[in-house]
Number of protein chains: 2
Amino acid sequence: MRSKQPTIWDIAIKLNVSISTVSRALRNAPDINPETKKAVLDLAHQLDYQPNTVAASLRKNKTDIIGVMVPEFVHAYFPNVILGIQEVANATGYKVMVMQSSESLDIEKHNLQAMVSSRVDGLILAITRETNDYEHIVAAQRKGLPIVFFNRIVDELQGSKVMVDDYKGAFMAVQHLIQTGCRRIAHLAGPENMTIGRNRLNGYLDALKAHQFPIDESLIMHCDFVEGRARRCTQLLLDMPNRPDALFAVNDPTAVEALICIQENDLSIPNDIALVGFSNAPHSTFVTPPLTSVVQPIHEIGQLAAQLLLRQINAPQQFIPETHVLDTTLVIRKSTRELI
Amino acid sequence: MRSKQPTIWDIAIKLNVSISTVSRALRNAPDINPETKKAVLDLAHQLDYQPNTVAASLRKNKTDIIGVMVPEFVHAYFPNVILGIQEVANATGYKVMVMQSSESLDIEKHNLQAMVSSRVDGLILAITRETNDYEHIVAAQRKGLPIVFFNRIVDELQGSKVMVDDYKGAFMAVQHLIQTGCRRIAHLAGPENMTIGRNRLNGYLDALKAHQFPIDESLIMHCDFVEGRARRCTQLLLDMPNRPDALFAVNDPTAVEALICIQENDLSIPNDIALVGFSNAPHSTFVTPPLTSVVQPIHEIGQLAAQLLLRQINAPQQFIPETHVLDTTLVIRKSTRELI
DNA sequence: TTGAAAGCGCTAACAT
DNA sequence: ATGTTAGCGCTTTCAA
């Protein structure tokens with residue numbers, strides 16, 4: 001059904017010049033007569049000529065597309081990262097192709113193949129929670145695909161990485177709970193094979209130790225980003241004979257599940273149970289009570305990842321991967337008690 | 001930096017066959033010797049050959065990519081629609097290229113050009129709130145680009161459209177407010193040039209009329225999807241000498257802004273002010289109180305839009321645009337009063 | 001069942 | 001400053 005669109009050939013014929021002249025004019029090459037150039041541009045505009053980037057990509061062996069794959073984008077975190085990516089991509093003439101793996105390793109593999117087949121110039125990737133075999137990723141890297149990782153980071157993979165100071169954020173969060181009088185602090189944890197889960201857990205543990213609190217393993221629940229699991233874990237905690245008086249959640253969706261569960265049990269936040277999240281999202285502000293949360297520079301994560309990727313794509317030689325750690329801050333709202 | 005990837009030519013040389021044979025094997029054409037085919041597939045697998053879809057697209061004049069452009073995707077509505085789109089696209093071998101216009105007409109135009117240049121096979125589009133000139137869209141259609149519209153729909157544009165029964169949803173919402181004892185019902189409205197805004201407004205008006213309520217123009221506030229405006233409009237309503245006792249919001253983000261504003265004024269929901277949203281999102285469930293809202297089949301909207309687009313893309317002849325209207329239902333939660 | 005060859009629209013030497 | 005030409009990797013007639 002697609003009617004044929006004008007090509008440089010059409011323009012060349014009408015203007016009685018060669019296609020290379022047209023091509024030069026369109027890409028404003030230096031060696032061209034301003035008048036011919038104007039004629040070409042005018043006609044191109046008149047015909048509403050749109051260059052066929054498919055052809056250009058094939059010829060240049062470069063698509064000017066960067067791929068982005070995330071586990072999901074219904075929570076606000078990933079969309080906001082993508083926003084940051086698109087910002088720097090568009091500013092430099094790149095397009096962004098977004099895919100999502102739905103936390104499924106199979107889909108991740110399939111999408112990665114599609115990205116490779118589409119010959120994206122590079123990829124910004126947050127792996128799924130079930131990705132424990134990295135051969136498909138390493139294979140893509142062997143083919144020369146530059147990949148920048150963020151959020152879901154594992155030590156086994158090489159490449160540039162953008163992370164936030166999870167350890168410090170977790171430490172501050174738990175310390176704040178301690179300073180506001182909480183005594184039994186539970187942790188709704190993430191997957192331990194990811195640095196994001198491990199570092200936040202370590203921050204939790206070290207904060208307890210720093211204040212001479214005992215470590216109670218039964219207060220550490222692995223929710224691992226699985227939807228619905230935080231709710232069940234919270235219920236288990238609430239049902240304990242001596243239930244905790246505070247929860248530190250590995251991220252905001254987890255915290256929100258906990259919040260709903262606590263309220264369903266007719267307990268009050270923060271008086272019965274104090275609650276801290278780790279901000280994936282601005283929406284932590286409009287639950288009731290608004291969530292005390294560790295805030296991370298989401299937008300900047302995307303921008304930085306894109307910048308790193310573009311540097312690598314355009315690197316003349318071998319590019320040495322960089323790991324960047326961005327700062328986190330604790331924002332105190334109403335889900336934790338007042339300082340004593 | 002990109003190392004060259006294997007091509008059908010590499011395979012052909014090694015197997016001492018022609019590239020057309022390799023091509024046939026790879027696309028499992030009917031007329032090929034099973035043994036040659038197996039040899040090709042084995043070698044392809046061994047080399048980790050990934051077809052260059054850029055080249056195939058150029059040759060076939062078809063990219064197997066469908067474009068999606070939305071005004072934003074940080075609220076849950078659009079991501080969920082995209083989920084539905086990706087589902088049917090992936091099932092039929094299409095890839096999805098997502099762009100967002102950030103509610104900016106300029107970006108919309110720019111992105112649309114990029115989509116055309118990338119030669120996407122079709123586009124699923126929700127225009128920005130400031131798009132009041134449609135020439136760029138019509139121009140793309142003239143080039144033969146099939147476009148399916150959803151959510152942000154205007155009468156002036158031709159093409160398949162996926163909508164929900166906004167009128168009925170709004171009518172039910174307002175009727176429910178009336179039946180629960182509300183007497184002064186305000187409307188936080190959307191843009192009137194879009195059917196989404198107009199139909200919801202009409203539902204509001206007709207529900208009032210049907211119950212012999214007077215229409216008070218000062219209770220209709222145009223928030224038009226502009227972030228922050230709902231909050232200010234709500235404040236204006238609350239400051240009125242005889243303030244409304246109920247608000248019907250054009251969508252959930254608008255309702256959430258109103259909710260925050262009402263609570264900041266120390267008024268109670270639903271006793272002082274009842275509140276109904278129009279569901280763009282599942283998150284209406286976890287604000288406090290959970291929002292009574294008109295629910296629409298978000299996922300299905302995406303699926304249907306994709307199906308319509310694919311039908312049009314693969315239509316042998318001229319395709320006659322279809323408009324589909326999906327049903328809405330009122331889900332009663334805690335932001336409205338009990339039935340009397 | 002296979003091969004030869006043309007060409008999709010563009011870029012980039014190279015030549016003039 | 002402009003033209004000629006050879007591909008990029010693939011699909012698809014047409015011929016064998």
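Note on naming: letters A, B, ... go to the chains in the order of the sequence lines (proteins, then strands), and numbering restarts at 1 for each one.
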S.K.: Indicate whether OP1 or OP2 belonging to C:dC10 is found under 4.0 Å from a side-chain N or O atom of A:Tyr49.
M.R.: yes
S.K.: Output yes when a side-chain donor or acceptor of A:Ser117 lies under 3.5 Å from a complementary backbone atom of B:Gln50, and no otherwise.
M.R.: no
S.K.: Quick test of your reading of the model: are B:Arg129 and B:Glu72 salt-bridged, counting only N-O distances below 4.0 Å?
M.R.: no
S.K.: How many whole angstroms separate atom CG of B:Leu26 from atom P of D:dG9?
M.R.: 15 Å
S.K.: Measure from the side-chain N and O atoms of B:Asp121 to the backbone N and O of B:Asp64, and report whether any donor-acceptor pair falls under 3.5 Å.
M.R.: yes
S.K.: Tell me the closest heavy-atom pair linking B:Lys161 and B:Asp155, and the distance in Å.
M.R.: NZ-O, 4.0 Å
S.K.: Measure the distance from CH2 on A:Trp9 to P on C:dG7 and round it to the nearest whole Å.
M.R.: 12 Å
S.K.: What residues, two or more places apart in sequence or in another chain, satisfy side-chain hydrogen bond (donor to acceptor under 3.5 Å, both in side chains) together with A:Ser18?
M.R.: A:Ser20, A:Thr21
S.K.: Can you tell me how far C1' of C:dG7 sits from NZ of B:Lys62, to the nearest Å?
M.R.: 20 Å
S.K.: Please confirm whether the shortest side-chain N or O distance from A:Arg27 to OP1 or OP2 of C:dA12 is below 4.0 Å.
M.R.: yes
S.K.: Between atom CD1 in B:Ile8 and atom P in D:dT12, what is the gap in whole Å?
M.R.: 12 Å
S.K.: Counting only heavy atoms not in B:Gln158, do more than 12 fall under 6.0 Å of its CD?
M.R.: no
S.K.: Which parts of nucleotides 1-8 of chain D does protein reach within less than 4.0 Å, heavy atoms only, written one letter per nucleotide 5' to 3' as B for base, S for sugar-phosphate only and - for none?
M.R.: SBBB-BBB
S.K.: Distance check needed: C:dC8 P versus A:Gln5 CD, whole Å only.
M.R.: 15 Å
